[in-house]
Number of protein chains: 2
Amino acid sequence: MHSKGQTGGPPSIVEVARAAGVSTATAGRVLGGYGQASAASRKKVEEAAQRLGYRPNGLARSLIQGSTETIGVIVTDVGNSFFAQAVRGIADVVRAGGFEILLANTDSDPEAEQRAIQVMWEKRVDGLIIAPEGPDSAGRLRTLVDGGLPVVLLDRPLPALPQVDQVLVNNTACARRAVDHLIRLGHRRIAVVSEASRDFSRLLDPSVDGDGERPSAARLAGYLSALQRAGIRPDPDLVVQAPYDRAAAERATARLLRRNPSVTALFCTDNILTSGALAAVQRSGRACPEEISLVGFDDQEWTTLVRPQLTVVRQPHRELGAAAAKQLLARVQAQREGGGPADDEAVHLRLQAKLVRRASTAPAPASGA
Amino acid sequence: MHSKGQTGGPPSIVEVARAAGVSTATAGRVLGGYGQASAASRKKVEEAAQRLGYRPNGLARSLIQGSTETIGVIVTDVGNSFFAQAVRGIADVVRAGGFEILLANTDSDPEAEQRAIQVMWEKRVDGLIIAPEGPDSAGRLRTLVDGGLPVVLLDRPLPALPQVDQVLVNNTACARRAVDHLIRLGHRRIAVVSEASRDFSRLLDPSVDGDGERPSAARLAGYLSALQRAGIRPDPDLVVQAPYDRAAAERATARLLRRNPSVTALFCTDNILTSGALAAVQRSGRACPEEISLVGFDDQEWTTLVRPQLTVVRQPHRELGAAAAKQLLARVQAQREGGGPADDEAVHLRLQAKLVRRASTAPAPASGA
DNA sequence: GTCCGTACTGAGAACCTTCTCACCCGTTAA
DNA sequence: TTAACGGGTGAGAAGGTTCTCAGTACGGAC
């Protein structure tokens, strides 16, 4: 509803200046709040701007200032509650710092990730938070990183890019603790529900640093490590490798339970897999926790609504996102003040996930011993 | 890693042109893919671009072309699974159309919303999908709408802006059906768990169009309408008005159950409230569904994991987002082709939520009759 | 030999803001 | 009286791209 200039679009600063009877420089000083301007011209310009419905064009401003006040966020799926919460955490921090969020999902598709990275780069985000799809993501990110763009890895490490900041969870340790909890309860035949991968044999090597792996592998490593420390030989048959999908996890877990009646405990490595595994246990007819114990991953609200209430590993989703955002903003700030790309050491943050003991874990049934 | 020009930043098209020994115009034609260029210069430019690590600057491009290929998405909280799914739906459609997403949360705070809208406007998004915070949002949006920016309302109507497209759910109808289901099962003392508002008495008026209201009020209207049609006088004591928060919903529902032992059924108007109410029922010691029936809202994955499995109203979250995005993109396209702001009639889309009958609803206990 | 169309090229304006620089003018210090 | 200074101002470049326009070279038609 603004009375338009000669172009059809919203009024620019030159039209405001013309209407106010001052130069564009003065109008810019008033509206951009950066130079000096007399009270008189200030008033004239502000009135004109008000009258025309002027809004500064952020594109032009960003172009000249070299910063967009926007950070890119690339996750696999915002629909997944884990990432939804993490993004929320990011949003809060970033917003407080005056930045906006450009969001993209990859569905773990390398091409989609490639495209997302490229778009972020072209749109000149001031920083990037990414949950990389896999090891190959390193190559896709290298150009950006070398170009000096602040990047923070979220939830997943990238050993090929050690100079990049990362915010992770102590996956291996908390998985180990969860399985350890089951072992202390007397369980020996403990199965794990995991996202499909080919890492099993490699992870058996105790010298492999589980926390250098992607979360699902890191948790699998923690599981294996706990068994080995307790002198229990890991049984490949007890490692459920399901596609990342609730229904698939349910089917895979059901098959496991059918084929391995000796299993008395189940450790799930992820929120999606937890719900699938629980569904399978419920349908199997085995009593939980009397006949089979279950440890879930991610303390979602519903884990206290099911019966028995679920023992889970609680990840601080939101804090994870918030920490990543804080780290990123710190880098962006440092870069602005310092000028060049900071050559500080990379910050590798590791938040603590905790085991929350509830009713779904109980001593192993005596008959099995 | 690119050999830089005289400025410190990433190489621009002029540096590529210089390196290739052609004019910026020709380099632009090759890299932007818009004009004609000989095979020879094409090759020279592409090699130079490759060598320097050139990436086009989207800001400059957007500035001159007048479009950012970005759409704004404003919701109250991406952390809420409803919006997380909706945003996912938006993202998929929008991405397929070659657009990106600028995301903002408002937490139902008018100021945050105002700020988000302003930022979207300044960043020159090509369109906006917003779940408005409340009736006052209309005023905040008016400038944008009048300025010709395509806007689609998500999940919440704005009667003051009838010319704006909206994508909603048939809240009143499906709530009515849910309560009707309870009535047919013989329930008479049916309580509703709702987000706090002052709408109760107004909604009693049958002439009020429930679907012009925000979802929580619309569902409350459906509840009241179902009761009235069945000749049951709505009892204000049975309307739980909780702050929008799971713990608060749980406390409020617990209080209701304590004070009104005659209540035999509960209708929840939202996913958060459903989980709170279920927790309250579980702690109350009343058997579900034998002593008390429960209808939840939103078919989250866990509603089949609890016992009894929940009867719920299933909303198509993702489709809601997808439909909004499709509508928005259509507007953006039309605007580009038609030139001016299209004066078509507003599209008011209403997706169908459905009642999914499961085990948490059963005939009312005989003793109560 | 002239004319025209086609394929290609480069100069330079445009998009909208920020920011440097030079300038004006009144005031104060020397 | 002059010099220095300060607030205030406008002209114009910069930022990186797209796009118009004029212009070159060349082939073929007359």
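Quick note on labels: first sequence line is chain A, next is B, and so on, each numbered from 1.
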Rounded off to whole Å, could you give me the [atom1]-to-[atom2] distance for the [X] and [N] pair?
| X | N | atom1 | atom2 | value |
| --- | --- | --- | --- | --- |
| B:Leu59 | D:dT18 | CG | P | 12 Å |
| A:Arg61 | C:dC19 | CZ | C1' | 13 Å |
| B:Trp121 | C:dC16 | CH2 | C1' | 14 Å |
| A:Leu63 | C:dC16 | CG | C1' | 9 Å |
| A:Glu122 | D:dG16 | CD | P | 15 Å |
| A:Tyr34 | C:dC19 | OH | C1' | 7 Å |
| B:Glu69 | D:dT17 | CD | C1' | 15 Å |
| B:Lys43 | C:dC8 | NZ | C1' | 19 Å |

Once base and sugar-phosphate atoms are separated, protein heavy atoms under 4.0 Å mark nucleotides 7-14 of chain D, 5' to 3', with B, S and - as -SBBB--B

task: Decide yes or no for B:Leu141 and B:Val164: does some side-chain heavy atom of the first lie under 4.5 Å from some side-chain heavy atom of the second?
output: no

So does B:Glu69 pair up with B:Arg336, basic N to acidic O under 4.0 Å?
-> yes

Ionic contact status for B:Asp107 with A:Arg88, cut-off 4.0 Å
yes

Of C:dC16, C:dT18, D:dT17, the nucleotide closest to the side chain of B:Asn57 is D:dT17

Check: A:Gln118/B:Arg55 side-chain N/O donor and acceptor closer than 3.5 Å: yes

Practice item. Take B:Lys123 and A:Glu100 through the salt bridge (charged side-chain N to carboxylate O under 4.0 Å, His left out) test and state the conclusion after the steps. Key: CA-CA 10 Å; B:Lys123 291 211 186 296; A:Glu100 301 304 312; over 6 Å; no

Notebook entry, point to check: Within the distance-only criterion (no hydrogens, no angle test), does the side chain of B:Asp165 pair as donor or acceptor with the backbone N or O of B:Val152 below 3.5 angstrom?
Noted result: no

Review point. Using a cut-off of less than 4.0 Å, is there contact between a side-chain N or O of B:Tyr54 and OP1 or OP2 of D:dT17?
Key: yes

